[in-house]
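Data first, discussion second: the structure below is written as structure tokens.
All of these numbers come straight from a predicted model, not from anything done at the bench.
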Amino acid sequence: MSVAVVFLPLLGFAIAGMMALSTPADAESRARLDRAAQWVTCGAMVLSGLFAVAVFYDVVVLGNVGTVVLFTWIDSGALEVSWALKLDTLSAVMMMTVSVVAALIHIYSVGYMHHDPGVPRFMAYLNLFTFFMLMLVTSDNLVQLYFGWEGVGLVSYLLIGFWYDRPSANAAAIKAFVVNRVGDFGFALGIFATYMLFETVHLDTIFSAAAGKSDAVIQVFGGEFHALTVICLLLFVGAMGKSAQLGLHTWLPDAMEGPTPVSALIHAATMVTAGVFMVARLSPLFEFSDVALAVVTIVGASTAIFAATVACVQNDIKRVIAYSTMSQLGYMFFALGVSAYSAGIFHLMTHAYFKALLFLGAGSVIHAMSDEQDMRKMGGIWRMIPVTYVLMWIGSLALAGIWPFAGFFSKDIIIEAAYAAGTGLGQYAFWVGVVAAFLTAFYSWRLLLMTFHGAPRADDAVMAHVHESPKVMIIPLLGLAAGACFAGYVAYEALVGEGAVDFWGNAILVLPEHPALADAHHVPAWVKYLPLAVGVAGIGLAYVMYWLAPGLPATVAGRFQAVYRFLVHKWYFDELYDFLFVRPAFVLGRGFWKSGDGALIDGVGPDGIAAATVNLARRAARLQSGYLYHYAFAMLIGVAALITWYLFRHSG
């Protein structure tokens, strides 16, 4: 069954990809081809999701943990890499989450992309995206993990730039690809360093030897450093790129240029969750490096507060949700940093449901508003699309961590674990998490109030066509809403409760000196209730500013213009990177092009030789005038020159 879970999306991609190569002669034939591609890809994903649930039952309930070896992939000297599927609790949870959420997004795409001319290509890309993510989470070794890692990066480029006739989509796709290459370079170095230390890329072999290598050192740039710290930091650079952590985050908001189902798939089930999974999978390495765990905590907490502040001033409905994703990923990473790995994965799982719900709900709003994404041009539509309105409420309640929705259980246990860590960095993460929870509730209700309430701000022509989405888009939202309502309550005890140790088994390693998750269940009552209290306060502030006193936001922005500009410009990261990297790269590239390639290589090389040949030929051609007296004169000159040379030679 595990083989079917992973490779059914690949089969769907192959079939739909061949359909995408066809060029139907008429509209009716194209419609039939579109429907066929949708049936194939959605069918493959639904079957994959059903099989994933069965695999989860087989692994978690029946305890059939193991590895399915498909074939030997690389066999070169001491390096042997098999193509294999690792089945344990962690991979089972990830397989079910990825395949089920992706299946619902595929079905939603049938309605959302109905009128797009590239339906087979789009559906094929969605299947391929899911295949690479499933390959990543079931990887038995670091090379196979890297294969899936690079695969999701490739397909994200294809999907973000799916509407390639739009310059903004092309620019966003290139930006995502380039920024991820920075992170992936660090990740590749981490894999090389791991192989150098352990002489294998097989995960179980590495994990069994990790304790014995806990004091090993490695030579880097002439100095000796703690080997596992170097390895973990390099691997985490890759996670920062894939999961858009502070410093390598700039690609994620621009990824909104792709179709909305792409945004949902990237933010909920694939791509950005890869970094969280990778750190949790490699917990047997990270546990032996307090420095690496500290860096993960600092970066994660800083990302959570950075993204939450920026989301408060965004006006594009999809960008608000995109920065929300970045902030929630920050929560997951500082959970990993305090060794509460299962809490990070728990939040990853619940977040997949309510974030996909929010993105697809936003897509339903955009669909109703004739492709309008600016919340300043919305308002007054909640009665016209009541189902979407209720579903967006559910997603926002889960995101804000309001009881009894999923986010309440998963986000609060992370904040409690940070407090229970009992360290300075744990306290930093705790208070940042509390402030970010307040901001999360505020910007979530800002989105709801600006989008659905108040006087209509759209054109009359747009308002006249506002309508509820078709059933093929609404039904997947209902499935995601069920996850946003119940996933946290249902999974809490097994994933992070008293039974967590038995549930995870050997899939996650936590050393006895890192008891943050165990101690999280015994924190003071005020720690438990504070996130809920600040969430309610954030909702209240949003109502004051966007319901009771709608002129207040403009007044606050005018009073604190410097702060407002700082947030609108996203802490000026894009401008800083443009100054430090983009402009110098363009200057350097233009110099190499004009001076190096044009003037030196072409000028001296092929162009120079060609120009000299043409010049000599032109001069020689002038001698061929066609007049007899010219040739006679040339002959006389030649004879005179020869005689003169002969006389001078023999004069001595």
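A side-chain N or O of S410 and one of T350 form a donor-acceptor pair less than 3.5 Å apart. With hydrogens and angles left out, the side-chain atoms of D88 and S91 include a donor and acceptor closer than 3.5 Å. Checked by atom type, the side-chain pair T250/K175 shows no donor-acceptor distance below 3.5 Å. One side chain, W163 or D116, offers a donor N or O that lies under 3.5 Å from an acceptor on the other.
For NE2 of H467, the number of neighbouring non-hydrogen atoms (other residues, nucleotides, ligands) closer than 6.0 Å is greater than 12. Atom CZ of F486 is surrounded by 12 or fewer heavy atoms from other residues, nucleotides or ligands within 6.0 Å. In K528, the NZ atom is crowded: over 12 heavy atoms of neighbouring residues, nucleotides or ligands sit closer than 6.0 Å.
Remark: N180 CG to L154 CG distance equals 11.5 Å, nearest 0.5 Å. Here the CG-CD1 distance, from L246 to I305, works out to 11.5 Å after rounding to the nearest 0.5 Å. In this structure, the separation between NZ on K355 and OG on S324 is 3.0 Å, given to the nearest 0.5 Å. To the nearest 0.5 Å, atom CE of residue M133 and atom CD1 of residue I266 are 12.0 Å apart. Atom CG of residue N127 and atom CZ of residue F132 lie 12.0 Å apart, to the nearest 0.5 angstrom. If you take OG on S109 and CG on L126, they are separated by 5.0 Å, rounding to the nearest 0.5 Å.
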### Task
Using the salt bridge (Lys or Arg N to Asp or Glu O under 4.0 Å) rule, take D316 and K318 through it: C-alpha gap first, then chi angles, then the decisive distance, then the call.
CA-CA 6 Å; D316 185 308; K318 288 173 64 176; over 6 Å; no
### Task
Please test M278 against W149 for side-chain contact (heavy atoms from CB on, under 4.5 Å), starting from the C-alpha separation and ending with a verdict.
CA-CA 10 Å; M278 184 269 289; W149 191 273; 3.8 Å; yes
### Query
Could you go step by step and tell me if Y389 and H453 meet the ring-ring contact (aromatic ring centres under 6.0 Å, His included) rule?
CA-CA 10 Å; Y389 175 62; H453 292 279; 5.3 Å; yes
### Message
Is there a side-chain contact (heavy atoms from CB on, under 4.5 Å) between T138 and S2? Walk through the geometry before answering.
### Response
CA-CA 9 Å; T138 58; S2 58; over 6 Å; no
### Query
Can you check side-chain contact (heavy atoms from CB on, under 4.5 Å) on E257 and F162, steps first, answer last?
CA-CA 9 Å; E257 292 292 338; F162 178 76; over 6 Å; no
### Derivation of the side-chain contact (heavy atoms from CB on, under 4.5 Å) call for M392 and L477
CA-CA 9 Å; M392 289 291 285; L477 293 178; over 6 Å; no
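In this structure, W445 has its ring center under 6.0 Å from that of W393. Aromatic rings from Y331 and F334 are positioned such that their centres are separated by under 6.0 Å. You'll find the ring centres of F7 and F131 inside the 6.0 Å limit. Under the 6.0 Å cut-off for aromatic ring centres, F405 and F354 do not qualify, their centroids lying 6.0 Å or more apart. Ring-centre distance between W382 and F452: not below the 6.0 Å cut-off. The six-membered or imidazole ring of H249 lies near that of F306, with a centre-to-centre distance under 6.0 Å.
In this structure, E468 contributes its side chain and V387 its backbone to a donor-acceptor pair below 3.5 Å. With S327 contributing its side chain and Y323 its backbone, the two residues share no donor-acceptor pair below 3.5 Å. For the pair T270 (side chain) and L265 (backbone), a donor-acceptor distance under 3.5 Å is present. The closest donor-acceptor contact from the side chain of Y112 to the backbone of G363 lies at 3.5 Å or more, if one exists at all. In this structure, the side chain of W504 engages the main chain of L495 through a donor-acceptor pair within 3.5 Å. K411 places a side-chain N or O within donor-acceptor distance of the main-chain N or O of L399, the cut-off being under 3.5 Å. Side chain of Q245 to backbone of S243: a donor-acceptor contact under 3.5 angstrom is found. A donor-acceptor pair under 3.5 Å links the side-chain atoms of H106 to the main chain of A102, judged by distance alone. The backbone N or O of A311 lies less than 3.5 Å from no partner atom in the side chain of R319, so there is not a single donor-acceptor pair. Between the side chain of T303 and the backbone N or O of G330 there is no donor-acceptor pair closer than 3.5 Å.
A perpendicular orientation is assigned to the rings of Y492 and F346, their planes being inclined by more than 60° (bins at 30° and 60°). Aromatic ring pairs are classed by plane angle as parallel below 30°, tilted from 30° to 60° and perpendicular above 60°; the pair H267 and F359 is tilted.
Scanning for side-chain contact (heavy atoms from CB on, under 4.5 Å) contacts around P470 gives H367, V472, M473, with sequence neighbours left out.
Residues T97 and M94 have side chains not in contact (no heavy-atom distance under 4.5 Å, counting atoms from C-beta outward). At least one side-chain heavy atom of C485 sits less than 4.5 Å from a side-chain heavy atom of I394. Looking at M45 and I105, their side chains never come closer than 4.5 Å, going by heavy atoms from C-beta outward. Put simply, the side chain of H347 reaches to within 4.5 Å of the side chain of Q328, judged on heavy atoms. Residues Y125 and R121 have side chains in contact (heavy-atom distance under 4.5 Å, counting atoms from C-beta outward). Between L447 and M375, the closest side-chain pair of non-hydrogen atoms falls below 4.5 Å. Contact of the M95 side chain with the L87 side chain is registered, since non-hydrogen atoms from C-beta on lie closer than 4.5 Å. Side chains of I402 and F408 form no contact here, defined as non-hydrogen atoms less than 4.5 Å apart.
Of the residues listed (I15, T41, V40), the one engaging M123 in a side chain to side chain contact (heavy atoms under 4.5 Å, CB included) is T41, and it is the only one.
Note on residues 31-47: pairs passing salt bridge (Lys or Arg N to Asp or Glu O under 4.0 Å), not counting sequence neighbours, are E28-R32.
For the residue pair F122 and P259, the shortest heavy atom distance occurs at CE1-CG, 3.8 Å. Here the shortest heavy-atom pairing between G258 and S263 reads O-OG, 4.2 Å.
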